[in-house]
Amino acid sequence: QVQLVESGGGLVQAGGSLRLSCAASGRTFSSYDMGWFRQAPGKEREFVALISWSGRYTYYADSVKGRFTFTRDNAKNTVYLQMNSLKPEDTAVYYCAARERGVVTTDPKMYDYWGQGTQVTVSS
């Protein structure tokens, strides 16, 4: 069982930056691939980024590639999403998610554990 708690959301102007954190409970955090997803009002939850259990592999949605960076610190049971050059269309609730390591996937249905979400609002 893994419990996830996101933090770091907030209100920022377009072009600004935020760093989201997701702290995980459990001693086997390094066994999990991690993902970030987001959901804007009236829209489906969409994939943002993923990182493999080791941190060696990352993959990003085209909409955030080059602006967002996903890292993890297995010693601290924490993952981070550094978001730069934010745009109003990045406004959403951001969720981190975990699944036991395997073939990495962008499909939210394949993730077993979810945080409660953190709101990111980017003003124009």
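Quick note: numbers below take in every heavy atom, side chains included, and nothing from hydrogens, waters or symmetry partners. On a predicted model such as this, the values are computed, not experimentally measured, just so you know. Along the sequence shown, the residues carry numbers beginning at 1.
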Nearest atoms (heavy-atom pairs only) where [X] meets [Y]:
{"X": "Cys22", "Y": "Met34", "result": "SG-CE, 4.4 Å"}
{"X": "Ser52", "Y": "Arg72", "result": "O-NH1, 2.9 Å"}
{"X": "Ser21", "Y": "Thr78", "result": "CB-CG2, 4.3 Å"}
{"X": "Thr91", "Y": "Val122", "result": "OG1-N, 2.9 Å"}
{"X": "Glu100", "Y": "Asp112", "result": "N-OD2, 4.0 Å"}
{"X": "Phe70", "Y": "Val79", "result": "CE2-CB, 3.5 Å"}

Kindly determine whether Tyr32 and Trp53 satisfy side-chain contact (heavy atoms from CB on, under 4.5 Å), including the steps that lead there. CA-CA 5 Å; Tyr32 292 88; Trp53 64 273; 5.9 Å; no
Report yes if some heavy atom in the side chain of [X] is under 4.5 Å from a heavy atom in the side chain of [Y]; otherwise report no.
{"X": "Ile51", "Y": "Trp36", "answer": "no"}
{"X": "Phe29", "Y": "Lys76", "answer": "no"}
{"X": "Leu50", "Y": "Tyr111", "answer": "yes"}
{"X": "Tyr95", "Y": "Leu4", "answer": "no"}

[X] atom [atom1], neighbour heavy-atom count above 12 within 6.0 Å:
{"X": "Lys109", "atom1": "NZ", "answer": "no"}
{"X": "Tyr59", "atom1": "OH", "answer": "no"}
{"X": "Gln82", "atom1": "CD", "answer": "yes"}

Which salt bridge (Lys or Arg N to Asp or Glu O under 4.0 Å) pairs, counting each pair once, include a residue from residues 41-54, with sequence neighbours left out? Arg38-Glu46
Looking at Lys87 and Asp90, is any side-chain nitrogen of the basic one under 4.0 Å from a carboxylate oxygen of the acidic one? no
Examine Leu11 and Tyr94 and state if one hydrophobic cluster contains both, with Ile, Leu, Val, Met, Phe, Trp and Tyr joined whenever side-chain heavy atoms are less than 4.5 Å apart. no
I want to check a possible cation-pi pair here: Arg67 against Tyr60, using under 6.0 Å from ring centre and within 45° of the ring axis as the test. no
